[in-house]
2 protein chains.
Amino acid sequence: MAARQDRRSWRDVLEEIRNRVLTGRYGPGDKLPRDEDIAAELGCARSTVQRAMRDLADRGVVERRRKGGTRVRPDPVTRAVFDIPVARNEVESRGGSYGYQLIRAAIEETPPPVAAALDMRAPLPMLHVEALHLMNSRPFLYEDRWVLTRTVPEIETVDLGVVSANEWLLANKPYSRCDLRFSAETAGDRVAAIMGLEGGEALFVIERTTWSGDDPITTVKAVYAPGYHLRAEI
Amino acid sequence: MAARQDRRSWRDVLEEIRNRVLTGRYGPGDKLPRDEDIAAELGCARSTVQRAMRDLADRGVVERRRKGGTRVRPDPVTRAVFDIPVARNEVESRGGSYGYQLIRAAIEETPPPVAAALDMRAPLPMLHVEALHLMNSRPFLYEDRWVLTRTVPEIETVDLGVVSANEWLLANKPYSRCDLRFSAETAGDRVAAIMGLEGGEALFVIERTTWSGDDPITTVKAVYAPGYHLRAEI
DNA sequence: TAGTGGTCTAGACCACCTT
DNA sequence: AGGTGGTCTAGACCACTAC
């Protein structure tokens, strides 16, 4: 006799529902039956359906609302999860040796674009840090950072020639909100000079802005050396 | 008298554990108590701790293994979720009018780089499609795609001048695996000519490769017009 | 092989939000 | 105001894997 599955796992439920979406039995925007009815139909507990549905909602396949029910998301998206590692770990996980150079650290008034990124109304004194992260003694990542000293006064006592602002902040000032932006940028003269490029190369850029509650912490532009790419698998 | 919380929710548990990680009470690599002990300590059911811990594991804060227990992830990462929309939806959600142009569609043998991306051993006949997606009649996204017709023979009967290969595939050939790669690339002569650029601009590129089980479906390079960026919030 | 996390259940109550 | 998803519980059993 063939193997038989006695109980339905939440993965089974997930697969079943996903197939119904993919085959069009539940079309974009359609309302699905209540969890309880699906549970009865598939022969499992409601919480098992819940588990599957939550996963489908997390993946962007369906939308769920109390009283409103569960609907197939009308606009299909590819939802990808990326891990953005700390430069040191990224370099070392590739088998390279990590190096770090502080280029500059100084107190300056918030420039308007930085104020905009951090939702700041008025300019304040900020720590402006430029640094270079190296892989095998070659430029890997250039970091241009602004830190609001009012939120993180302790950072003024840190020797940023030894510890990178990124690692110090991660260890000492947890954030509650983070905005991320990926883009491509042409290497300008200054960045080219710092990274040892000719200028004009296409560079991968990650901008990250963080807050602790409503208090702005820092905004940083991370410019990666040519050829860098970020991967994900779904 | 101050407000008091009678029951602990899984979010409370999550916050509590996260704080312990952030304040160093549980340091990187440390082993946490068993779920059952944490449940007893915090006064809730084990399944509530489970719920919180699964979330922390999903966010990359801790790692969990049966019998091995729960440990704080030794390497901190910023884990970001991105939704990569279909070009049409992206254009329309920005309030633009969407347009589509097929540039070329032809059967060709798999070139070596495409074979490598798709894990193919030997070259096979493939459909090579080039297309342009427009926002307000201006180039928004250039798409260079290879489709394995052995996996998706029906696509040869589709009029790709009317429906984009992307939309057709999403609706008709679900994938089970997807590789994604983000990078920056300099506009070459051909892309510049197609997108109406001068050449040399830095362009944001998403490469996506999909499989159905072990069968390769398609690999596509999506080249966005200058100034494009992808956002996420955590 | 024993300890830990993973899953399932049945039931209860709650919170949100559409109707 | 009522229906739907969200959460919590207590208990049971399972699956993986470190020891």
Side-chain angles (χ1 to χ4, degrees), chain A residues 3-18 20-21 25-74 79 81, chain B residues 3-18 20-21 25-74 79 81:
Chain A
R4 192 168 63 86
Q5 200 139 345
D6 293 298
R7 267 197 301 184
R8 233 174 241 283
S9 76
W10 68 270
R11 288 170 193 281
D12 296 332
V13 175
L14 189 152
E15 279 308 312
E16 177 61 30
I17 302 299
R18 193 170 68 153
R20 291 183 184 183
V21 171
R25 174 160 166 191
Y26 300 148
D30 283 2
K31 186 170 177 177
L32 275 62
R34 306 151 49 210
D35 290 3
E36 200 172 334
D37 292 340
I38 292 182
E41 182 200 345
L42 300 183
C44 63
R46 177 164 79 96
S47 35
T48 303
V49 175
Q50 243 282 346
R51 179 72 178 83
M53 286 297 188
R54 175 157 32 85
D55 218 75
L56 287 168
D58 284 347
R59 297 192 199 189
V61 177
V62 300
E63 289 172 330
R64 281 159 76 76
R65 278 185 207 170
R66 284 162 155 143
K67 167 76 178 176
T70 304
R71 289 176 180 281
V72 178
R73 238 184 109 118
R79 183 160 288 183
V81 178
Chain B
R4 194 167 63 86
Q5 199 139 348
D6 294 297
R7 266 200 303 185
R8 233 172 241 283
S9 77
W10 68 270
R11 289 172 193 280
D12 296 332
V13 175
L14 190 152
E15 279 307 313
E16 177 61 30
I17 301 299
R18 193 170 67 153
R20 291 184 183 182
V21 171
R25 174 161 165 191
Y26 299 149
D30 283 2
K31 186 170 179 177
L32 275 60
R34 307 150 52 209
D35 289 3
E36 202 172 334
D37 291 340
I38 291 182
E41 182 199 344
L42 300 182
C44 64
R46 177 164 78 98
S47 34
T48 303
V49 175
Q50 244 283 343
R51 179 72 178 82
M53 286 296 190
R54 175 156 35 82
D55 218 76
L56 286 168
D58 284 346
R59 298 192 200 187
V61 176
V62 301
E63 290 173 332
R64 281 160 74 76
R65 278 187 206 166
R66 283 160 158 148
K67 168 75 178 178
T70 303
R71 289 174 180 281
V72 178
R73 235 183 111 121
R79 182 161 290 181
V81 178

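To find a chain, count down the sequence lines: A is the first, B the second, and so on, and within it residues start at 1. As a basis for the values below, the full set of heavy atoms in this structure was taken, side chains included, without hydrogen atoms, waters or symmetry mates. What you are looking at is a predicted structure, and each value in this text was computed from that prediction instead of being measured.
- For A:Trp10, whose side chain is taken as the heavy atoms from C-beta onward, the closest listed nucleotide among D:dT4, C:dC8, D:dC16 is C:dC8.
- When the side-chain nitrogen and oxygen atoms of A:Arg11 are compared with OP1 and OP2 of C:dT7, one or more of them lie within a distance under 4.0 Å.
- The number of heavy-atom neighbours closer than 6.0 Å to CD of B:Glu36, taken from other residues, nucleotides and ligands shown, is 12 or below.
- Of the side-chain N and O atoms in B:Ser47, none sit less than 4.0 angstrom from OP1 or OP2 of D:dA10.
- Here the closest heavy-atom approach between residue B:Gly60 and residue B:Arg79 is recorded as N-NH1, 3.4 Å.
- For the OP1/OP2 pair of D:dT9 and a distance below 4.0 Å, the side-chain nitrogens and oxygens of B:Thr48 include at least one atom meeting the criterion.
- Test B:Arg20, B:Gln50, B:Met53 against B:Ile38 for side-chain contact (heavy atoms from CB on, under 4.5 Å) and you get one pass: B:Met53.
- For the pair B:Arg64 and A:Arg65, both in contact range of DNA chain C, the more 5′-proximal nearest nucleotide belongs to B:Arg64.
- Nearest-nucleotide assignment on DNA chain D puts the 5′-proximal partner with A:Pro33, out of A:Pro33 and B:Lys67.
- In this structure, CE of B:Met53 is placed 17 Å from C1' of C:dT7, rounded to the nearest angstrom.
- Along DNA chain D, the nucleotide closest to A:Gly69 and the one closest to A:Arg54 are compared, and the more 5′ of them pairs with A:Gly69.
- One atom, NZ of B:Lys31, and another, P of C:dT4, lie 6 Å apart when rounded to the nearest Å.
- Note: CD1 (A:Ile38) to C1' (D:dT4) measures 12 Å, nearest angstrom.
- Residue contacts for A:Glu36: at a heavy-atom cut-off of 4.0 Å it reaches no nucleic acid atom on any strand shown.
- Nearest heavy atom pair, residue A:Gly68 against residue A:Lys31, reads O-CE, 3.6 Å.
- B:Arg46 comes within contact range of at least one nucleobase, with a heavy-atom separation under 4.0 Å.
- Atom CZ of A:Arg66 and atom C1' of D:dT4 are 9 Å apart (whole Å).
- The CZ-P distance, from A:Arg51 to D:dG5, rounds to 17 Å in whole Å.
- The pair A:Asp58-A:Arg54 fails the salt-bridge criterion, with no side-chain N (NZ, NE, NH1 or NH2) lying under 4.0 Å from an Asp/Glu carboxylate O.
- Relative to the side chain of B:Gln50, the nucleotides C:dG5, D:dG5, D:dT7 differ in distance, and C:dG5 lies closest.
- Regarding contacts with the backbone of D:dT4, a side-chain N or O of A:Arg34 is found under 4.0 angstrom from either OP1 or OP2.
- The interatomic distance linking B:Arg71 (CZ) with C:dT4 (C1') rounds to 12 Å, in whole Å.
- Atom CG in B:Asp35 sits roughly 17 Å away from atom P in D:dG11 (whole-Å rounding).
- As a whole-Å value, the separation of B:Asp12 CG from D:dC8 C1' is 12 Å.
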